[in-house]
Protein chains: 2
Amino acid sequence: MSDAPRKREVNDARRKRDASPVGGEFRIGFLVHDVSRLRQAVFDQAMKPHGVTRAQWWALAQLTRHDPRGGMTQAELARLMELGKVATGAMVMRLEAAGLVSRRADASDRRLNRVFVTNRGSRILERMIAVGRELNGTLLRGLEPDDLDAADRVLTALRSRLRAQLRADGVTGD
Amino acid sequence: MSDAPRKREVNDARRKRDASPVGGEFRIGFLVHDVSRLRQAVFDQAMKPHGVTRAQWWALAQLTRHDPRGGMTQAELARLMELGKVATGAMVMRLEAAGLVSRRADASDRRLNRVFVTNRGSRILERMIAVGRELNGTLLRGLEPDDLDAADRVLTALRSRLRAQLRADGVTGD
DNA sequence: CGATGATCGTACGCATGCTTACCATTTGGC
DNA sequence: GCCAAATGGTAAGCATGCGTACGATCATCG
């Protein structure tokens, strides 16, 4: 790793608390981490009275959105949510334990477990959407649309680069 | 990998797959979640040969940065990293198990556990910084500085709003 | 038709973070 | 001086996600 010292007047986003080697250049990274963590906490808190977490609500949304009646397999759901099989399986298990989905084996292909949203799941999802919409509105209110678009661009770019990086190094393939 | 230059006029960030109630308005939120998750995976993968995860590396950095010699208490570390006591304690435990830090009870206040970075910890941290810097460079290279600033603004705003929201509703106090 | 590989799902263990509960110590008001 | 509150840590349990390994099925090729 022959590393030439990079110029540091690249931008002023790293203005303060930058005396250390790790603090300025990773600002966005850790900012993302913080926001993700806090967002999870806030959403979970807002949705706790309804008994569903944010991740569960999102999974439920994917299920109804792409297959209102058919029954999605876990593998399909995993691809939709861009999660691993294992994480998806655990999520479905929790949803089933909460009575929000049910699983039935497919008749023609016995490897498949088809997941159906229960009536209770649908009802709760409806409320969740309202709660999420309101919360999101609160969070984004007053922010510059241009900034939001720029943030969207940056995050989208980061996501695709991270995916590429992940595929390049670790050939997990999942 | 040919860089996939899809950065043209992405202005219509919420372009497709928006027919559902959950998909457009929560885009940034889930984008943040994805980036955070992927970033964790990529960093961990890059640092795995050195035997340290991203979170551990960050904790190590905080320790050396704010107290090269003195020995920080876990509570101080928790505040620096904006984590709960429990998560911090678990982190320190893993770091200790890896031989990167050591804990000694404070003489004058026996509630305190002072955490010291070992020589091995320092050596590894050095390498980690180089790895992280390079990875971060790869991820951010070529992105518009203006966009990065805007993203920084948005994320910082989100973070403070989320914190406020969290304090408002859940009075955990930790 | 039968071996072989792909696919789906599960089991197990780890990392990270949260909450609630609890113990030990120190500190501060009286 | 003493008891109560604050403070530092730990323990236990849960949610989310990851990786590896494995069993069960299906699909395909020779």
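Quick note on labels: first sequence line is chain A, next is B, and so on, each numbered from 1.
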Less than 4.0 angstrom between a side-chain N/O of [X] and OP1 or OP2 of [N], yes or no?
X	N	result
A:Gln56	D:dT16	yes
A:Arg37	C:dT16	no
A:Gln74	C:dT7	no

Taking side chain to side chain donor-acceptor pair (under 3.5 Å) as the definition, give me every residue that meets it alongside [X], ordered by chain and number, with sequence neighbours left out.
X	answer
B:Asp106	B:Ser108, B:Arg114
A:Asp34	A:Arg37, B:Arg159
B:Arg79	none
B:Arg163	B:Glu82

Please round to 10 degrees the angle between the axis of the first five pairs and the axis of the last five pairs in the helix from C:dC1-D:dG30 to C:dC30-D:dG1.
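Rounded to the nearest 10 degrees, the bend comes out at 0°.
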What's the [atom1]-[atom2] distance between [X] and [N], to the nearest Å?
X	N	atom1	atom2	answer
A:Leu77	D:dT16	CG	P	13 Å
A:His33	C:dC18	NE2	P	9 Å
B:Arg54	D:dC18	CZ	C1'	14 Å
A:Asn113	C:dA11	CG	C1'	15 Å
B:Leu80	D:dG8	CG	P	13 Å
A:Met47	C:dC18	CE	C1'	17 Å
B:Phe43	C:dT16	CZ	P	14 Å
B:Leu166	C:dT19	CG	P	7 Å

Over all atoms of both residues, closest heavy-atom pair of A:Trp57 and A:Val52:
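Shortest heavy-atom separation between A:Trp57 and A:Val52 comes out as N-CG1, 3.6 Å.
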For A:Asn113, enumerate each residue passing the side-chain contact (heavy atoms from CB on, under 4.5 Å) test, keeping only those at least two apart in sequence or located in another chain.
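For A:Asn113, the residues satisfying side-chain contact (heavy atoms from CB on, under 4.5 Å) (neighbours in sequence not counted) are A:Gln74, A:Arg103, A:Ala105.
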Kindly point out which of [options] is positioned nearest to the side chain of [X]?
X	options	value
B:Lys85	C:dA15, D:dG9, D:dT16	D:dG9
B:Asp109	D:dG8, C:dT25, C:dG17	C:dT25
A:Thr73	C:dC12, C:dC18, C:dG9	C:dG9
A:Ala55	C:dG17, D:dG17, D:dA12	D:dG17
A:Val86	C:dC8, D:dG19, C:dG9	D:dG19
A:Ala75	D:dA12, C:dC8, D:dT16	C:dC8
B:Arg111	D:dT25, D:dG8, C:dG9	D:dG8

Check: A:Thr88 side chain, A:Gly84 main-chain N or O, donor-acceptor pair, under 3.5 Å:
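Checked: pair present.
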Just by distance, with hydrogens left out, do B:Arg27 and A:Thr156 show a side-chain donor and acceptor under 3.5 Å apart?
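The criterion, which ignores hydrogens and geometry beyond distance, is satisfied for A:Thr156 and B:Arg27.
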Taking the nucleotide of DNA chain C with the closest heavy atom to each, which residue, B:Gln40 or B:Ser108, is nearer the 5' end?
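Per heavy-atom nearest nucleotide, the more 5' residue is B:Gln40.
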Under 3.5 Å donor-acceptor pair, B:Arg110 side-chain atoms to C:dT25 base atoms:
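Donor-acceptor pair under 3.5 Å: no.
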Single-linkage hydrophobic cluster, 4.5 Å side-chain cutoff, A:Leu31 and B:Val42 together
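Per the 4.5 Å side-chain linkage, A:Leu31 and B:Val42 are co-clustered.
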Could you give all pairs that pass the salt bridge (Lys or Arg N to Asp or Glu O under 4.0 Å) test and reach residues 38-56 of chain B, with sequence neighbours left out?
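Those involving residues 38-56 of chain B do not exist here.
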In chain order, what residues pass the salt bridge (charged side-chain N to carboxylate O under 4.0 Å, His left out) check against A:Arg120, with sequence neighbours excluded?
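Residues passing salt bridge (charged side-chain N to carboxylate O under 4.0 Å, His left out) with A:Arg120: none at all.
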Could you pick out which residue, A:Asp44 or A:Ala107, lies toward the 5' side of DNA chain D when each is mapped onto its nearest nucleotide?
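It is A:Asp44, whose closest nucleotide lies nearer the 5' terminus.
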Within residues 88-103 of chain B, find the residues that approach DNA chain D with a heavy atom at under 4.0 Å, and present them sorted by residue number.
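B:Arg103 - these, ordered by number, are the residues of the stretch whose heavy atoms sit under 4.0 Å from the strand.
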